[in-house]
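Reading through the structure tokens given below for one structure.
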Amino acid sequence: MRKVLSMFMACAIAAAAVAGCSSSSGNSGGETATVVETTAEETEVAETTATQAEETASPDAVEEETEAQETDSSSNTATLSVGSMKGPTTIGLVSLMDKADKGEAEGSYEFTMVTAADELVAKVVSGQVDVALVPANMASILYQKTNQGIQVLNINTLGVLYVVAADDSIQSIGDLKGKTVYMTGKGTTPDYAFQYLMSANGLGEGDVTVEYKSEATEVAALLKEQPDAIGLLPQPFVTVAMAQNESLKMVLNLTEEWDKVQSGDSGSLVTGVTVCRKEVLEEKAEAVEVFMREHGESADTVNSDVAAAAELVAAVGIIEKAPIAQKAIPYCSIVCVEGDEMKTMLSGYLQVLYDQDPSSVGGALPDEGFYFLQP
């Protein structure tokens, strides 16, 4: 059974974590605090909490129920509570969520989806969830706030940020010189990523005017009203904006632009990662192993059968309309990267964030213990 933190310690640590994360977890694009932004009219909140029904056993069934409980407590069938954020990082989970709902999954899971990164952080710190899909920088912050109490299992989402415009002449970051770009999340990781890319492409302060809006829907609305405007948006808002204005195009993929200025082993633009509490890794090792395999299979299924995945995405409320989800999924960079490759990609990304603002990763870069590397 899960070890429960005392109420006092849980509240104290959770409050510290939320305070420590508030500056870097806000409504930023791309679940590098990106997914938090997926709270607009096209992705109306449909927070779900998995529950389990309890049956009252008859006296004749006491022995069978006792045996079942003993089996459920074993590591390979132990139930894992999985928390995720409403947005691209959860899209890769929908196939597994559907299988679990139908009783077809190998593992046993309780899924909870939230809309705010801070809410998910508090659930991890207090032990309410075993596994969580969080923005990449937030995983580093959690590692510091929990005294190295979590490990990263995989990267579940790469870059989901795109520059959207009707101007075909924009073919590189350098082409943005002298222009105005509208985006959200000042001081958040997408902002750091964009500032880094501008600097790497020789653009100095004042070469590009960046205007920040409070929500991605504001940027999408502005792009609809001003045909010559340029926006930096995450999926699925990119698809929403393009549906509202047929002249808009994805002129720049920030993941591709990031790769152009990085050496081969210097990381990649990472949106979301999957973390697990260390005590869960010890107590439910086989259950975690099953989850990692089924998570990878789910991501593969989402990418290979987009139409079916879009229906599931709409059903759980990540994106309200399946047709929009179907258009957006191929651009959501759903992956399941583990092991040394995960470490290389993630560590390089966190290094870039740290160089710009140490607080964006919790004040220090995580050590080797941050990465779950199976022997």
Side-chain angles (χ1 to χ4, degrees), residues 1-6 9-10 13 17 50 52 66-84 89-90 92-93 95-97 99-101 103-112 120-134 136 138-157 272-301 335-347 366-375:
M1 296 181 62
R2 182 189 308 168
K3 294 181 179 179
V4 181
L5 295 174
S6 71
M9 288 301 295
I13 298 174
Q52 293 181 314
T66 301
E67 292 176 356
Q69 290 174 347
E70 291 174 351
T71 300
D72 287 342
S73 66
S74 65
S75 61
N76 62 328
T77 58
T79 297
L80 291 179
S81 56
V82 181
S84 61
T89 57
T90 306
L93 264 184
S95 177
L96 176 55
M97 293 167 70
K99 287 176 64 177
D101 186 55
E104 298 173 355
E106 181 179 348
S108 176
Y109 309 106
E110 294 177 349
F111 293 99
T112 301
L120 191 54
V121 167
K123 289 181 180 296
V124 174
V125 173
S126 64
Q128 294 179 55
V129 298
D130 301 322
V131 175
L133 284 69
V134 298
M138 191 159 293
S140 178
I141 294 171
L142 267 172
Y143 189 66
Q144 315 298 344
K145 293 297 181 181
T146 60
N147 294 318
Q148 294 77 50
I150 58 102
Q151 282 188 299
V152 178
L153 303 179
N154 63 41
I155 294 171
N156 55 58
T157 318
V273 301
T274 305
V275 303
C276 183
R277 294 189 292 115
K278 283 186 176 179
E279 63 179 311
V280 175
L281 280 167
E282 296 172 357
E283 297 173 2
K284 304 179 181 181
E286 291 183 44
V288 174
E289 182 179 348
V290 170
F291 167 76
M292 291 180 67
R293 183 175 68 254
E294 292 198 297
H295 187 188
E297 292 169 353
S298 181
D300 289 342
T301 299
V335 297
C336 191
V337 181
E338 302 174 353
D340 290 332
E341 184 181 6
M342 171 263 290
K343 178 184 175 183
T344 298
M345 295 172 71
L346 180 56
S347 62
D367 57 28
E368 296 290 314
F370 180 60
Y371 306 95
F372 179 70
L373 304 176
Q374 293 176 308

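- No side-chain donor-acceptor contact under 3.5 Å links Y371 and D340.
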Task: Check against side chain to side chain contact (heavy atoms under 4.5 Å, CB included), N156 and V335 - done: CA-CA 5 Å; N156 55 58; V335 297; 5.7 Å; no
- [ ] With side chain to side chain contact (heavy atoms under 4.5 Å, CB included) as the test, would you mind laying out the steps for V121 and V134 before giving the verdict?
- [x] CA-CA 8 Å; V121 167; V134 298; 5.6 Å; no
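- Looking at T90 and M97, their side chains come closer than 4.5 Å, going by heavy atoms from C-beta outward.
- Residue E341 holds its CD atom at 7.5 Å from CD1 of I155, rounded to the nearest 0.5 Å.
- We find that K343 and E368 are joined by a salt bridge, their nearest charged nitrogen and carboxylate oxygen being less than 4.0 Å apart.
- When all heavy atoms are compared, the tightest approach of P366 to S140 is CD-OG, 3.4 Å.
- For E110 (side chain) and T79 (main-chain N/O), no donor-acceptor pair under 3.5 Å exists by modelled atom type.
- Atom CG of L142 sits about 5.5 Å away from atom CD1 of I150, to the nearest 0.5 Å.
- The two residues V129 and A132 make their nearest non-hydrogen contact at CG2-CB, 4.4 Å.
- Inter-residue side-chain proximity for R277 and V124 is flagged as met; some heavy-atom pair is nearer than 4.5 Å.
- Here the closest heavy-atom approach between residue Y109 and residue F291 is recorded as OH-CA, 3.3 Å.
- The two residues M342 and L153 make their nearest non-hydrogen contact at CE-O, 3.8 Å.
- The distance from atom CG of L120 to atom CD of Q128, rounded to the nearest 0.5 Å, is 10.5 Å.
- With N154 contributing its side chain and E338 its backbone, the two residues share no donor-acceptor pair below 3.5 Å.
- When each of L281, V288, L373 is paired with Q151, the side chain to side chain contact (heavy atoms under 4.5 Å, CB included) condition holds for L281 and for no other.
- Annotation: Q144, atom CD; neighbour count of heavy atoms from other residues, nucleotides and ligands within 6.0 Å is above 12.
- Put simply, the side chain of Q148 never gets that close to the backbone of F370: no donor and acceptor are under 3.5 Å apart.
- Atom NZ of K284 and atom CG of L80 lie 5.5 Å apart (nearest 0.5 Å).
- One distance of note links NE2 of H295 with CG of D300; it measures 10.0 Å at 0.5 Å rounding.
- In this structure, CG in L96 is found 5.5 Å from CD in E294, a value given to the nearest 0.5 Å.
- Counting heavy atoms from C-beta outward, T112 and V82 have side chains that stay 4.5 Å or more apart.
- A side-chain donor-acceptor contact under 3.5 Å links S298 to the backbone of G92.
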TODO: Any chance you could lay out the side chain to side chain contact (heavy atoms under 4.5 Å, CB included) test for D367 and Y143, step after step, and finish with the verdict?
DONE: CA-CA 9 Å; D367 57 28; Y143 189 66; 2.4 Å; yes
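- Checking side-chain atoms of S81 against main-chain N and O of D130 turns up a donor-acceptor pair under 3.5 Å.
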